Structure formats: structure tokens, C-alpha cells
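Okay, structure first, notes after.
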Amino acid sequence: MEVRYNPHEIEPKWLKRWEEEKIYRSEIDRSKPKYYVLEMFPYPSGKIHMGHVRNYTIGDVVARLKKMEGYNIIHPMGWDAFGLPAENAAIDKGVHPAKWTYENINFMKSQLKRLGFSYDWDREIATCRPEYYKWEQLIFLKMLEKGLAYKKRSSVNWCNSCNTVLANEQVEGGECWRCGSRVEIKELEQWFFKITAYTEELLSYCDKLTGWPEKVILMQKNWIGKSYGCEIKFPLEDGSGHITVFTTRQDTLFGATFMSLAPEHPLIPELCKGKKEEEAVLKYVEKSKNLTAVQRQMAEYEKEGVFTGSYCINPVTGWKMPIYIANFVLMEYGTGAVMAVPAHDERDFQFAKKYNLPIVVVIQPKERQLSAESLAEAYTEQGYLVNSGEFNGLFNEEAKEKIADYLEDKGLGKRTINYRLRDWGISRQRYWGAPIPIIYCDKCGMVPVPEKDLPVVLPENVNITGKGGSPLADVPEFVNTVCPRCGGKARRDTDTMDTFVESSWYFIRFASPRYEQGMFNKEEVDYWLPVDQYIGGVEHAILHLLYSRFYVKVLRDLGMLNFDEPFINLLTQGMVCMESYKCNEHNYLFPEEVLERDGRFFCKKCDKEVLVGRVEKMSKSKKNVVDPDDLVKNYGADTLRLFCLFAAPPEKDLDWSERGVEGCNRFIQRIWRLYHQWEPKLIQSVNGDEILDNRIARDILRMAHKTIKRVIEDALKRFHFNTAISAVMELVNYLYNIELTEDIEIRKAVSFAIKQIVILMYPFTPFLSEELWEKMGNKRSLFYEKLPTYKEAMTADEVLTIVVQINGKVRGRFDLSASLSENEMERLILADEKISQYTKDGIKKIIWVPKKLVNIIV
RNA sequence: GCGAGGAUGGCGGAACUGGCAGACGCGCUGGGCUUAGAACCCAGUGGGUAACACCGUAGGGGUUCGACUCCCCUUCCUCGCACCA
């Protein structure tokens, strides 16, 4: 008889039953501690890919494990449904973004269901529904009231030939992704969220995020970019004012020999006015205007600039410093003006060399002597001050403080702190997003949409061509409205919000997804939030997580929430990777378009040898993708899940391997077969701590208890599912070596062990486990079962294998009864013939690692 | 350039606080079953040797009775930020 686990019969059976019984529905239960498991919700792009499968499998395992540990679980799923791809689909295929999005949602939802994820689908949300974005618009208005939302002129990428705004990701190497023409910069009035109002809190609370990966916290800190320094005033030579700079190196002030300004610096027109340099300067400024940030980066770091014709005075040395415009100075950071210290800053050094500007050394290292003439590069390390008047001889870190004191005393400058973090621009000149609830009236100016008129619904009848500005501007029924204040004619804001706004609070909405009286039901939120375990890709380590943290703080300060941080624990899972094949003639090839011959690979079309690419992230363009649907069809969901968990620990990248998948399927079959071999001999009610006389039976029980311990410690405490699974594999292998027998004690022990396997595998392979669980005579789903407990005493070995080292080298192994004392063991070991050969010249020292190892030093 | 992480068999990966390196899986080899194959089961599998010895965690040095693990230097790889003054 062939015994085979058939996923195509068994898996649909359980899907149906789980759905009918709604076992994953979550409700407040104050008798249990709650646990909120959340995976980053997907963008409904069409169908799920392996990255989703891995992410959601990890989340599902966490949810099931925590449930089995006794928590009341909430495990929701939804759709980050607004975004650019929907609009692109409209442009390419003429499908309405809404239709495209909802169809994708339906399809992807069926895919997720098929994989057996334990979502409470009653809580499903899609951010493109007015019931959702209504509350986003409300919060926008509250932020406006608080001054946390404001409007200012800001630049966008603009394509002249398509006549449209481009998102950053639509700019490829400074060119438009559609037509390839040069991208320009255009200034538009845009909305911003004042995230900088929370800079300090976002930074200091980083240290409270103890459940986050170190790496992500560091990225957040770097993104915020706090630096301590001074603002220093440099008087203009003609006495007409001064230029303020920001520097973190006030210790090098005596070495500042010229001044560099950003091309956008407001003083420039005045500085060059009437000078012979004026024309050249204005031309340079004009040229810089049309450079995007992307293009600036492509400028290959060539430092360049022009002299303005004016000078300012170094306040401590009295030197006349020429004022330059320099392309590397950023208007957005500091004051847009930099004091140039060529001897101690790499960029200033290059600039000084190029334009032949003076270099003065003011920091000397201890071990060598620098001189301005022979300097080949800037010296940016620490050292002692020279050429710095009364500060000579000070260590530069000390001098920073002394010079800052001096500047403050004399009123020449003051200590300041600067941050890299800028406010969050949220205006998008796009259709498929949440409309910004603002009305412009000729008489009353800018008027917020009254709360009672929310939501401002995104109109359906819109023509999306990919041309022009915001598509909403072409919908007169939307644009034209009446002013809520005066009742006169008015126009709506035609921009939509950045999709990061929707994802900044969806995790709160999940607590009460159908609530109609407000953004959320406070009682539900107080119970479920914050998220206990958040799981997703590291690509969101900065923006999404930072914006979500910001949102929670804003809502807290609006009195709506009473917690400070959204995500207690964060797991960033690795990517799913695969080799790629590239033919010189036919570009990237699918694996089936490649022929293998003696370990080399050839293109089936042209028979030329193909380049086997590094294992890298699966992507359509590289043709190194596998479709989860195919895998479910071939192996079933359990196998696919198991592979995602077994091939690597969750935070590492996962290398795709078809053979590895087959191995996981084999393991499932092995459990299935093991069960069926023993089925007639299994004994129903067994408990694991019975005292058995049979040695083999006792060993089986011990092995089972050890396995429970390992699975709990690896899976639950460390989320290392790969080693947890391998522990179960070892137990299965062990049981395969037990001969089928009528011995009652062995049958009891095996029954216990098999039961543990079924329970322990449930979070990983729920279908298989449910089926076996039912076969074992259980009526209720495993979902309600508790994790097994192990007895420490039951894991203790009766016989210990003691490793004996002589001078740190392994020279023998002794199987000794665990009941012996160290002294008794020592006597037995030293009496051994082989060991005594080593010890005949006398023993210096004996070091014991209890129950494991002894090192004899001779 | 700065910051972080990493390098272990033919491959993916174990070894948690320093204590048997290579668990588990894949692949490979041999055997069993079979008319044959697939599937399955058993055994072996870092290098080296007839067997020991010995050599092995990127390379070099150090601390220690003992180092994949701790410290210093070097090389390479991955990721993040990237003209932030």
C-alpha cells in the first residue's frame, strides 16, 4: 500500500473547515494577555510573489506559536491600495485604477487564503476605500489646525515632453522613464507634514526600541542625523551685513580662508551686484537651478564654483575671505553657507586647489608635521591647534568647547544643533490617492473642508493619460465647488496624498476596521495596540517606520492614543534570492531556456555559453522568479511554507532551491508515513512523564522532551525556525530507527513522541498537523491546543559521553553513568590504558566542564 | 568616503553565555527493495592516511588549559547613507 500525503485533497478540506468555523476571528478577551502580530501589508500589484510568501509565512508561524503559548491574538491583513502602478496600468491598458486594484485584491486574497495563513479576514481593509481615507483627511485637518501640516514652494521632477510631474522612482538616471527626455526641476506649492517638530523625540526614543534590530535603529538615527556645532557670523567686507555659517568644526575657524555658498543662497544677487563677475555668477546660478538632486549626484563629485566678487572677514583672524558659490553646498542643510577650511576638509581642499586659494594648517597631528605647501590631501583627523592665537596647543576636541565659549562671549556666534531630517512632503500630482481636503476661494483664501463634508471622495470618471499635471485638475465636477465659508465659487486642491500616509496608521485601523464614528474605537485600540510583533522587509527600515512613529506621536498629542511607539518588536526578514542566467545575445533567460553541459550553461536559442549571475533578489526583469502558485500546485502549501522557514533563519536572505523544496516535501511525507506505520499500535491517552522500565522507551521519551525544549527555545524565543524544524527532523529520524513492536512501553513512548511531532509542526505545516491530529481522534482544531511543556528532569541523560582532552586535544570519549561524581569519573578516566599513556609524566591540572568535557594538562 | 553586518564542507546552513566544528537538509557514493526504473529504506560523506598521525571555521598575530566564538591588523563580500560643512 502506498502511503502518501496528498495536499490536494487534505489542504482544501481544512481551508473549508477553518473558514466555516471562523477560527481566526479575534475578539477582546480580558482574561488573556493580548498579542498583535502584523506583517507589512502588500500593495495589490497583481499576484503574490515569493517575498510575500516568506514574509507572511513567518508572521503566520509567530501568530500560531503565540496563540499556542496562551495569548489572545490579533492577526489582520489588508491592502496598501493607492499608488502609482494602478495609474500606470490605466495608461498602458486603459483599465480604471479602481477596477485594476480591486481585481488584484480579489486574486491575491485567494492566493493568501490558499496558503493557510491565520488572518482574521473580517478585519480586512483597503486604503483606497473612502471609509478608510476619510479619517486620513480628518487627521490632515487636525494637523493643519496644529500647524503640523503646512504649504510651501518646493521643487518637483518635471518632464517637459510628457508635460507631467514625475515621482522620484520615475526618474531613471536623470531621464524620464517613459520618454527618456531630460528631467527638469519645477517649483510648485506643496503640502508638508512637520515631522521635524518631533525630531528629538524620534531620535531619543530610538533607545527605547529594544525589540528592534540594531541595524534599523542605526539607520533611523543616521537619517535624523543630529550634529552639534556652532553658527558663526562672518561680517561682509563692505559692512553691509554678514553671512552666517553652520559648522561642526569651529576648532578650525583660524584656518577658514574663503567662504562657499549654495547656488540658491539668497544673498548672492546682492553680493555680485555691479561687480564684473555679476553676469557669470547669475549664469551659474541659473544653470544650477535646472539640476535635480539626481543630476547633481551624477556630476561625478567634480567640485566647482564661481567667485561672487565680494569678500567677508574671518572674525578671529581678520583675513579677507573671498566669497564663492560652490556646487557642493546644499541650501537645505545648515545655513546654506560654509566656512571653507581647505587644510582640514576634503571638499574645501579640492576647491582651493582648483581655484588656487590659500591653505592654512591649524590642526597638527602628534606624530608628523603638516605644512600647507606639501599637503596632498586634507587632514581631517584629530590633533593639536597651531596658528590659532590663544588656542594654540589645545587638543582640538577641547578647543571646540573653548572656541564656542569665546564666540558666545564676544557675540560672534553661538552653539547650535543641526539635523538632517527634513519635513515630509506629501503632495502628489497623481490621481490614485487620497484627495487633500482643502478648498481655495478667491475671497476667503485657503479653506479646510469642514469635518461634516468628509470624505472628499476621489471621482471615478477621470481620464488618465499620463500627460499634464494632476489628473484631478481635469475633472471640473471635482475641482469646482463652493466655499464652505462664504458660499461663493471655489476650487478644490487637486493633489493627492503620498501613499506613505495611508500606511502610517493602518495598523491602528485594524483594531476597529468598521468603526464609523471616528478613526478608531478607543476601547479596541487601548486593548490591541501597540503592535507586539511587526514583520517586513528591511527596505522600509527608514521611511515607513519613521512616518508611522511620527503619526503615533501626533495622534498621541491629539489625545487620541496613549502609547508612544507603534511597534514593540520588529523583525526584518531577508530577501528571496535566486541565480540568474544571462546570454550575450538574448539577455536574461528563464532557467528552462538554459541547457546544462558538464557544469556549464548554454543558451538554448543560440547555444552560446551564458553567464550565471550571482544569487540575487528575485525580479521579473532578471527572469529569476518562481511563481508561488506553481509550487502550491506541485507540492501543496505546507511544503512551500516549510521551505521558506527551513532554508534560512528569517532575517537572512533565502536562496531558492527546487531541490530544497523537494527535501521539505520529503520530510512531510516522512512524518505522514511514520504516523501510518505506527497507527495500529498507537495508544491514545499517554503522558510523557510516566516512569518506564524499558530502556528504549525511556530514551524515546527523553528524546521527545529534548525536542520540545529545543523547538520552544529556538522557535518561540529566537524565531529561528530552521533549527526548530531540524530538531523535529532529528526526532523523526530517531523514531524511524525504532522497530515496530508490540511492547506496551515502547508503544506508549512512540505514541507520545508522534503526538508531540504533530503539535510542534502545527505552526509550520498546519494542514498536515490538523489532518493527523484528527486521525488521532481529536475533535477540536489544533488551533486551540497549547504548546506542549517539557520537564527539565525528563531531558536529562542517564549516560553521559565525556570528552577527554589532553592539553586541549581530544584524545578520547567515555560513556559514563550520570550518577557518578566528577571525582569518580576522573578515577575511571585516568585508569584507562590509553589516557594513562599521556599522563605518565605527571598531571599539572584538570579542568572540568560539568557533564561534558574534561581537559587534562600534563 | 562614512556607518553597519558578514566570510564555516560540493551547496543552504548548525554550534545561544569560549568547551566534541560541520546538527539538519540538499548533493554525492555504496547497499537493500524492484524484471527495470521512480519512490522508499539503510549506511557512508571536511581534507589527508593502508590505518594512525596530522591539517582544517577568509589571511596574519594575540589572550586562554581550551577560540568559529574574545582582542589587534589585513583582504574580500553584502547592505545602508552618500558633497550634511
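Order of the sequence lines sets the chain letters (A, B, ...), proteins ahead of strands, with each chain counted from 1. If you're wondering where the values come from, they're calculated on a predicted model, not measured in any experiment. All values below come from the heavy atoms of this structure, side chains included, with hydrogens, waters and symmetry mates left out.
Rounded to the nearest Å, the gap between the P atom of B:U17 and that of B:G5 is 15 Å. B:A21 and B:A58: their P atoms are spaced 16 Å apart (whole Å). Rounded to the nearest Å, the gap between the P atom of B:G30 and that of B:U78 is 39 Å. Rounded to whole Å, the separation between the C1' atoms of B:U63 and B:C73 comes to 15 Å. Look at the C1' atom in both B:U35 and B:C24: the space between them is 37 Å, to the nearest Å.
A donor-acceptor pair shorter than 3.5 Å cannot be found between the side chains of A:Tyr5 and A:Asn665. With no hydrogens or angles considered, a side-chain donor-acceptor pair links A:Gln220 and A:Arg549 at under 3.5 Å. A side-chain N or O of A:Ser227 and one of A:Tyr333 form a donor-acceptor pair less than 3.5 Å apart.
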With pairs defined as Watson-Crick or G-U wobble and both distances under 3.5 angstrom, please note down RNA chain B as a dot-bracket string, | for pairing with another strand. (((((((..(((......[....)))((((((.......))))))((......))..(((((..]....))))))))))))....

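Within residues 658-667 of chain A, the residues that have a heavy atom under 4.0 Å from RNA chain B are, in order of number, A:Arg659, A:Gly663, A:Arg666.
No cation-pi contact links A:Arg4 to A:Trp672, judged by a cut-off of 6.0 Å to the six-membered ring centre and 45° from its axis.
Scored by the ring-ring contact (aromatic ring centres under 6.0 Å, His included) test, A:Tyr355 finds A:Tyr324, A:Phe351 as partners (sequence neighbours excluded). Residues passing the ring-ring contact (aromatic ring centres under 6.0 Å, His included) test with A:Trp656 are A:Phe643, sequence neighbours excluded. A:His544 is linked by a ring-ring contact (aromatic ring centres under 6.0 Å, His included) to A:Tyr534, A:His540, counting only residues two or more places apart in sequence or in another chain. For A:Phe667, there are no ring-ring contact (aromatic ring centres under 6.0 Å, His included) partners, not counting sequence neighbours.
Applying the 90° cutoff around 0 to the glycosidic angle, B:G9 is assigned syn.
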What protein N or O atoms touch nucleotides 62-69 of chain B N or O atoms at under 3.5 angstrom, if any, and at what distances?
{"unit_1": "B:C65", "atom_1": "O2", "unit_2": "A:Asn855", "atom_2": "ND2", "d": "2.5"}

Listing time: all N or O pairs from protein to nucleotides 53-56 of chain B that are below 3.5 Å?
{"unit_1": "B:C54", "atom_1": "OP1", "unit_2": "A:Arg811", "atom_2": "NH2", "d": "3.4"}

Hey, can you pull the donor-acceptor pairs under 3.5 Å for the side chains in residues 845-853 of chain A, sequence neighbours left out?
{"unit_1": "A:Trp848", "atom_1": "NE1", "unit_2": "A:Glu826", "atom_2": "OE1", "d": "2.6"}

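Within the nucleic acid shown, A:Asn418 has no heavy atom closer than 4.0 Å to any nucleic acid atom. Here A:Thr248 lies in heavy-atom contact (under 4.0 Å) with sugar-phosphate atoms only. At the heavy-atom level, A:Asn733 lies under 4.0 Å from the strands shown only through sugar-phosphate atoms.
Remark: A:Arg673 is in phosphate contact with B:C41, judged by side-chain N or O atoms under 4.0 Å from OP1 or OP2. In this structure, A:Asn722 reaches the B:A14 phosphate: one of its side-chain N or O atoms is under 4.0 Å from OP1 or OP2. One finds no side-chain N or O of A:Arg4 lying less than 4.0 angstrom from the OP1 or OP2 phosphate oxygen of B:C40.
Contacts classified as salt bridge (charged side-chain N to carboxylate O under 4.0 Å, His left out) and involving residues 220-230 of chain A (residues at least two apart or in different chains) are given here: A:Glu200-A:Lys226, A:Asp207-A:Lys221. Pairs of residues two or more places apart, or lying in two chains, that qualify as salt bridge (charged side-chain N to carboxylate O under 4.0 Å, His left out) and include a residue from residues 641-658 of chain A are A:Asp60-A:Arg641. Residue pairs meeting the side chain to side chain donor-acceptor pair (under 3.5 Å) criterion with at least one partner in residues 721-732 of chain A, sequence neighbours excluded, are A:Arg710-A:Glu730, A:Asp714-A:Thr723.
A:Lys717 contributes no side-chain N or O that forms a donor-acceptor pair with the base of B:C16 under 3.5 Å.
Comparing A:Tyr736 and A:Val803 along RNA chain B, the residue whose closest nucleotide (by nearest heavy atom) sits nearer the 5' end is A:Val803. Mapping A:Ala727 and A:Thr801 onto RNA chain B by nearest heavy atom places A:Thr801 closer to the 5' end of the strand.
A:Asp832 has no carboxylate O lying under 4.0 Å from a charged side-chain N of A:Lys834, or vice versa, which leaves the two without a salt bridge. A:Lys706 has a carboxylate O that lies under 4.0 Å from a charged side-chain N of A:Asp797, or vice versa, which qualifies the two as a salt bridge.
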